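Here the structure is a predicted model, which is why all the values come from computation and not from measurement. By convention in this document, chain letters (A, B, ...) are assigned in the order of the sequence lines, proteins followed by strands, and residues within each chain are numbered from 1.
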Amino acid sequence: MDYNFSEIEKKWQQWWAQNKTYRATDKSDKPKYYVLDMFPYPSGAGLHVGHPLGYIASDIFARYKRLKGFNVLHPMGYDAFGLPAEQYAIQTGQHPEKTTHDNVARYRTQLDRIGFSFDWDREFRTSDPDYYKWTQWAFLKMFGSWYDNSLQKARPIEELVKAFEEGGSEAVNAACSEGKAFTSAQWKAFSEKEKADALMRYRLAYLGESTVNWCPALGTVLANDEVKDGYSERGGHPVFQKKMTQWQLRVSAYAGRLLDGLEKLDWTDSLKEMQRNWIGRSEGAEMVFPVECDNRKYDVTIFTTRADTIFGVTFMVLAPESEWVAKLTSASQKAEVEAYLEQVKKKTERERMAGKAVTGVFSGAYGINPVTGEKVPVWISEYVLAGYGTGAIMAVPAHDSRDYAFARKFDLPIVPVIEGADVSEQSVDAKEGIMCNSGFLNGMPVKKAIPAAIAYVQEKGIGHRKINYRIRDAIFSRQRYWGEPFPIYYKDGIATPVAFEDLPLTLPEIDQYKPTEDGQPPLARAKDWTYKGYPLEKSTMPGFAGSSAYYLRYMDPHNGEALVSRQADEYWRNVDLYVGGTEHATGHLIYSRFWNKFLYDIGYICEDEPFKKLINQGMIQGRSNFVYRYIGEGATGNLYISYNLIENPEYKDKVQPIHVNVNIVNNDVLDINAFRAWMPEFKNAEFVFADGTSSELTGYTAGAKQYICGWAVEKMSKSMFNVVNPDDVIAKFGADTLRLYEMFLGPLEMSKPWDTNGIDGVHRFLKRLWNMYENITDEEPTKEELRSLHKLIKKITWDIENFSFNTSIPAFMIAQNELSALKCSKRAILEPIAVLLAPYAPHIAEEMYHRCLSLSLEGRAGEGLFVVNESWPECNEAYLVEDTQKYPVQFNGKVRFTLECPKDTPKEEVEKLVLAHEDTSKYLAGNTPKKVIVVPGRIVNIVM
RNA sequence: GCCGCGAUGGUGGAAUAGGUAGACACGAAGGACUUAAAAUCCUUUGGCCAGUGAUGGCUGUGUGGGUUCAAGUCCCACUCGCGGUACCA
């Protein structure tokens with residue numbers, strides 16, 4: 001009987017859907033296991049073969065865990081708010097809701113064909129009001145909270161108000177934005193607006209001014225992780241630095257915990273390292289430098305990690321956006337400074353990064369080195385960043401390469417303070433050596449001088465130890481339509497939360513989706529965007545808002561009273577296995593951890609970290625194919641040269657590669673007729689084939705001659721004609737072949753091109769395996785057959801537990817080969833093989849299992865499948881067969897033979913057996929060997 | 001620049017604790033079946049050398065060193081490729 005994959009796959013997909021086979025229950029005696037994929041943004045282009053890679057891997061694991069007797073939660077949904085739908089709406093006037101709906105429907109159809117074991121009853125979209133109600137709710141919770149640095153925990157804002165009433169701002173150690181301190185009496189005297197402004201500086205979700213990434217082309221601000229190389233990640237538009245008042249999340253308050261939390265996570269080292277770099281902890285000191293400008297006196301705080309080099313300070317630098325700039329510009333320098341600031345402002349983020357040119361201007365002010373009393377000039381330069389530390393630095397050109405470049409350019413003094421440092425050509429940045437020219441630090445090694453200098457300034461009251469983090473607060477406003485509206489209205493200019501009962505605050509209908517002519521966000525177009533008569537916030541939330549807690553919602557997706565019930569949360573707790581790409585390392589995966597920690601702090605959920613184990617699947621790149629148009633002498637423009645000939649002298653450098661649709665190329669051989677029909681310009685195409693003959697001369701007939709295409713690895717994209725749709729692969733080979741082949745392609749975490757060459761091999765394997773299930777008998781299996789089976793069980797179990805899915809397919813192939821050579825068609829062997837295959841190729845496995853036992857696998861789940869001793873005790877014998885160990889024996893690499901003895905034979909016994917062997921004695925010829933090396937279970941070597 | 005990862009036949013890749021490198025698959029070559037094609041099956045397939053032959057020898061995991069009885073695997077230096085990050089004081 002033929003392997004009719006389309007019939008089999010349809011049958012079982014229907015069966016699973018009808019029986020709700022993969023529905024997870026919130027109550028069970030079985031242990032729970034939560035497997036999650038990073039949910040997709042449903043784009044208009046649909047899925048290509050690269051998208052399901054991670055889903056297939058997680059599905060294998062989920063199915064395996066189910067067979068092992070776990071209650072598995074494996075949900076799927078859609079990250080549905082986002083820019084492409086909105087841009088499409090701007091162009092066509094179509095409501096993003098409609099676009100999103102259509103795209104989701106298409107994704108669902110495509111996903112269903114691949115045979116995933118998702119619990120579709122838990123599906124939702126982040127753009128559903130029932131869902132984003134909880135995104136808004138979480139935002140309001142953050143708005144109503146502050147971060148207590150002493151307790152390392154978020155607390156309700158009411159407790160802060162109480163503390164202010166009792167002891168003013170000094171009463172708490174809180175994470176907060178820059179601002180003036182106040183006493184209890186001052187607090188009590190504040191107007192309502194002043195109180196609101198003061199509290200705003202402490203809220204975890206707050207409105208604050210900061211330097212943001214402004215993208216004029218998109219008309220919106222962007223978070224740091226949404227900017228790549230100075231261009232917007234979506235659309236690739238230039239980005240500028242701009243000071244704006246925006247909603248922000250105080251992620252920086254959690255920097256320490258986000259860093260420490262990484263320790264206990266089972267994530268890859270590279271991903272943890274990325275997060276560590278992004279959080280960017282650095283230990284140093286803050287010091288106060290008195291600064292004088294036109295006879296006005298100020299105290300400027302700087303941050304440094306090299307307190308030891310304080311004697312080498314020759315100037316100070318302020319960031320152009322620093323608040324100090326206005327105060328510290330002298331009358332005489334005013335014009336020059338303003339010109340410089342103007343020039344900096346005009347630069348795009350890209351230009352600022354790319355240029356690396358040293359620029360700056362003297363402010364006219366002078367600072368006093370608080371340790372030496374020396375007078376140093378204060379400069380302004382863009383190499384100092386407003387957002388990091390205090391936006392002001394002490395410059396030590398001898399021991400910092402950036403300060404050095406600046407000093408050289410503007411001819412400022414360079415004073416080395418480490419013995420033997422040669423600073424004639426470049427700075428000496430290394431934290432090593434012995435201090436000199438440094439007063440009380442002289443003679444100390446750098447490692448000791450740093451803490452000594454900090455202790456000194458601390459004692460003198462001019463500075464203190466300080467840990468700085470690179471991570472910034474997340475900009476949370478977007479000037480866009482297709483996102484969650486902020487549940488905030490402005491009452492007398494005070495940001496006030498919308499009442500919980502009135503959530504969700506749904507998106508208003510508007511006639512156009514673009515910003516208004518006067519640069520307001522699209523929501524300003526809404527007719528009545530007010531609440532209780534007051535204006536509502538016009539920005540919407542960014543993409544990461546909806547994806548920050550979605551994993552909690554799957555635990556209890558239909559709950560109208562809470563994001564997740566306590567009961568469901570206590571059962572499912574957190575994600576055991578999370579599968580997704582590394583591109584979310586510094587975005588979603590940081591925000592989610594922050595969001596989760598916040599909800600944990602307010603006692604809402606029971607786990608501090610959301611994702612216990614994380615696997616990163618690699619990117620599937622495109623594999624483009626090319627035809628080579630002849631452009632040499634006498635070219636007609638419609639002659640194409642086979643790839644194997646293009647290096648020949650007559651064609652070399654006379655051909656032009658042209659992308660050709662990979663779907664009309666098979667194993668790099670072009671389908672000539674399909675090519676001619678593909679586009680009008682190829683209608684009359686003629687060819688020089690692989691054997692050098694020309695289509696004009698031979699009078700081409702289909703299939704007779706081969707035209708070979710060249711290939712290259714590129715990004716999978718429409719313009720390269722290298723997009724492969726899973727639907728086409730499934731139509732041709734079936735979902736099981738697709739699943740197996742995606743895994744067979746290479747290690748899960750590695751990036752690799754989609755190469756359809758070779759898919760035949762996997763398909764052939766399934767066909768051959770299928771044929772073995774034709775006439776199943778009840779004969780007793782032989783030792784050899786049991787041995788094959790057991791090798792496979794061990795291998796597949798190991799592979800799945802270690803996410804080494806690519807090595808499983810060869811193991812199946814080998815077992816299939818061995819068993820078909822033995823003409824094995826015995827139920828006792830074939831049934832367990834169907835079980836082993838089920839996670840990888842579920843449809844065919846179900847059908848094969850059904851043929852063995854007339855049962856669906858579901859009926860057997862949790863009854864010890866995958867566990868040899870319980871299900872098939874007779875198979876213990878197979879282990880005995882395997883317990884004989886072969887020892888390959890070598891004599892100085894010259895003579896070889898194989899010794900066979902039981903596996904647990906002690907070393908000494910093996911040694912004796914080796915020496916007693918006739919080949920050994922022949923070789924030794926009476927001499928005594930220097931050494932006999934026996935490695936248990938491995939090789940034996942004799943050294944003469 | 002800094003951090004991380006990688007480099008194995010014509011191709012994708014395997015080698016799971018330092019222990020027979022190249023599993024498995026693709027491609028290629030040859031053969032069987034067939035009027036023919038497709039499909040299927042069988043044989044060969046890292047390179048070089050010797051042999052009619054079974055087979056044997058040498059060489060071989062980016063480059064150069066090292067540790068070890070034994071290195072794709074460990075150490076040092078380097079080359080190239082990929083990913084992240086970039087004036088973070």
Side-chain angles (χ1 to χ4, degrees), chain A residues 2 228-230 268-278 280-282 284 302-306 309 317 319 352-353 355-356 358 381-385 387-396 399-403 405-406 429 468-472 582-583 585-586 616 618-619 621 623 667-669 703-704 711 713 741 744-747 749-753 755-762 764-765 767-768 771 795 798-799 801-802 804 806-814 817 886-890 892-893 896 898 929-944:
Chain A
D2 280 353
K228 292 264 135 71
D229 296 328
T268 58
D269 290 339
S270 73
L271 203 112
K272 284 191 197 177
E273 198 57 30
M274 268 190 229
Q275 290 215 339
R276 280 191 200 106
N277 291 340
W278 190 260
R281 182 181 195 272
S282 87
I302 59 92
F303 174 75
T304 180
T305 54
R306 294 294 302 271
T309 60
V317 189
R352 245 176 123 153
M353 282 164 50
K356 283 239 163 135
V358 180
S381 172
E382 56 183 334
Y383 86 87
V384 174
L385 304 175
Y388 184 77
T390 61
I393 62 154
M394 63 178 215
V396 185
H399 303 292
D400 182 289
S401 54
R402 295 153 304 181
D403 296 345
F406 195 81
D429 292 17
N468 245 321
Y469 293 96
R470 198 184 80 108
I471 194 169
R472 312 285 169 82
T582 33
E583 66 271 23
T586 53
N616 296 117
M619 285 251 283
Q621 296 142 306
R623 187 179 186 278
N667 286 353
D668 291 335
V669 176
W711 60 276
V713 174
Y741 188 61
F744 182 65
L745 221 45
E749 61 286 357
M750 218 201 267
S751 279
K752 59 234 166 203
D755 179 357
T756 317
N757 299 347
I759 195 166
D760 293 308
V762 172
R764 275 201 280 265
F765 152 70
K767 276 202 263 185
R768 285 197 293 262
N771 288 335
K795 172 75 176 141
W798 192 94
D799 281 349
E801 299 276 3
N802 293 281
S804 177
N806 57 318
T807 56
S808 279
I809 288 97
F812 278 117
M813 288 174 174
I814 292 165
N817 268 331
K886 282 182 178 169
Y887 288 89
V889 180
Q890 291 185 23
N892 281 359
R896 293 165 194 223
T898 304
K930 268 189 200 152
K931 221 196 259 180
V932 179
I933 300 143
V934 177
V935 182
R938 303 289 183 180
I939 203 167
V940 180
N941 209 327
I942 298 177
V943 185
M944 295 301 289

Please name all residues satisfying side-chain hydrogen bond (donor to acceptor under 3.5 Å, both in side chains) with A:Glu749, sequence neighbours left out, ordered by chain then number. none
Which protein N or O atoms sit under 3.5 Å from an N or O of nucleotides 10-14 of chain B?
residue: B:G12; atom: O2'; partner: A:Leu745; partner atom: O; Å: 3.0
residue: B:A14; atom: OP1; partner: A:Asn806; partner atom: ND2; Å: 2.8

Partners passing side-chain hydrogen bond (donor to acceptor under 3.5 Å, both in side chains) against A:Glu583 (at least two apart in sequence or in another chain): none
Summarise protein proximity over nucleotides 27-33 of chain B in one line of letters, 5' to 3': B for base, S for sugar-phosphate only, - for none, counting protein heavy atoms closer than 4.0 Å. S------
Quick one: list whatever passes side-chain hydrogen bond (donor to acceptor under 3.5 Å, both in side chains) with A:Arg472, sequence neighbours left out. none
Taking only residues two or more places apart in sequence or in another chain, which ones pass salt bridge (charged side-chain N to carboxylate O under 4.0 Å, His left out) with A:Arg764? none
Residues in side-chain hydrogen bond (donor to acceptor under 3.5 Å, both in side chains) contact with A:Asn817, at least two apart in sequence or another chain: none
Excluding sequence neighbours, so at least two apart, what forms ring-ring contact (aromatic ring centres under 6.0 Å, His included) with A:Tyr741? A:Trp754
Residue set satisfying side-chain contact (heavy atoms from CB on, under 4.5 Å) with A:Pro810, at least two apart, ordered chain then number -> A:Phe744
Sorted by chain and number, sequence neighbours left out, salt bridge (charged side-chain N to carboxylate O under 4.0 Å, His left out) with A:Arg768 holds for none
Dot-bracket notation for RNA chain B, counting Watson-Crick and G-U pairs under 3.5 Å, with | for partners on another strand: (((((((..(((......[....)))((((((.......))))))(((((....)))))..(((((..]....))))))))))))....
Partner set under ring-ring contact (aromatic ring centres under 6.0 Å, His included) for A:Phe406, not counting sequence neighbours: A:Phe315, A:Trp379, A:Tyr383, A:Phe410
